[in-house]
Asker: 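Here you go, one structure.
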Amino acid sequence: MQAIENHQLTGKDAGNYHIDRLLGKGPLSYFYEAHPVSGQRVMLTVFSLPETSSERDHAHFLARFKQEGEGLTLLKHPAIIPVYDYGVY
């Protein structure tokens, strides 16, 4: 799997979202300001696994990501930023 540098995503589309600018970086993820093609601005988190990750690790991460993503869309609380969408692009 080829690593993607954070600057390579700015100005590109990921699914239904257009990536506007990099907001910050964590150990395994990048945080971008983005907007859906349909309008309102959102924050997009892009996870980047190390190039040394095995196929097994990658498959485990994707399964866990999908499970957690589904759960996060169900959370409704004034102190929690809502998750409207998640996916692999």
Side-chain angles (χ1 to χ4, degrees):
M1 179 177 291
Q2 183 180 1
I4 297 175
E5 295 295 324
N6 61 21
H7 65 275
Q8 291 177 317
L9 295 176
T10 301
K12 296 197 179 349
D13 291 335
N16 294 326
Y17 301 92
H18 182 77
I19 301 172
D20 297 317
R21 66 186 179 103
L22 180 67
L23 295 175
K25 179 183 181 306
L28 292 177
S29 58
Y30 298 97
F31 304 94
Y32 293 92
E33 181 178 353
H35 67 272
V37 177
S38 61
Q40 180 182 353
R41 291 205 176 277
V42 298
M43 187 187 83
L44 179 70
T45 303
V46 176
F47 294 97
S48 178
L49 297 178
E51 287 186 51
T52 57
S53 297
S54 68
E55 288 296 320
R56 182 174 176 243
D57 290 342
H58 189 256
H60 177 74
F61 176 82
L62 287 177
R64 181 70 185 261
F65 174 77
K66 290 175 183 176
Q67 177 184 355
E68 295 292 329
E70 182 63 32
L72 290 171
T73 62
L74 301 174
L75 295 175
K76 309 289 185 231
H77 188 277
I80 298 174
I81 296 172
V83 173
Y84 299 109
D85 193 12
Y86 65 96
V88 178
Y89 305 103

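Keep in mind that what you see is a predicted model, and the values were worked out from it rather than measured. We number each residue from 1, following the sequence as shown.
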Asker: If every non-hydrogen atom of His18 is compared with every non-hydrogen atom of Asp13, which pair is closest and at what distance?
Answerer: ND1-OD1, 2.7 Å
Asker: Run the side-chain donor-acceptor check on residues 72-80: report pairs under 3.5 Å with partners two or more places apart or on a different chain.
Answerer:
residue, atom, partner, partner atom, Å
Thr73, OG1, Glu70, O, 2.7
Lys76, NZ, Thr73, O, 3.0
His77, ND1, Ala79, N, 2.9

Asker: List in chain and number order the residues that pass side-chain contact (heavy atoms from CB on, under 4.5 Å) with Arg56, two or more places apart in sequence or in another chain; answer none if no residue qualifies.
Answerer: Ser54
Asker: Decide yes or no for Tyr30 and Leu9: does some side-chain heavy atom of the first lie under 4.5 Å from some side-chain heavy atom of the second?
Answerer: no
Asker: What heavy-atom pair brings Arg21 and Thr10 nearest, and what distance separates the two atoms?
Answerer: CA-CG2, 4.1 Å
Asker: Run the side-chain contact (heavy atoms from CB on, under 4.5 Å) test against Phe61 and tell me which residues pass, sequence neighbours left out.
Answerer: Phe47, Leu49, Phe65
Asker: Measure the spacing between CD of Glu33 and CD1 of Ile19 and express it to the nearest 0.5 Å.
Answerer: 11.5 Å
Asker: Quick one: list whatever passes side-chain contact (heavy atoms from CB on, under 4.5 Å) with Glu68, sequence neighbours left out.
Answerer: Arg64
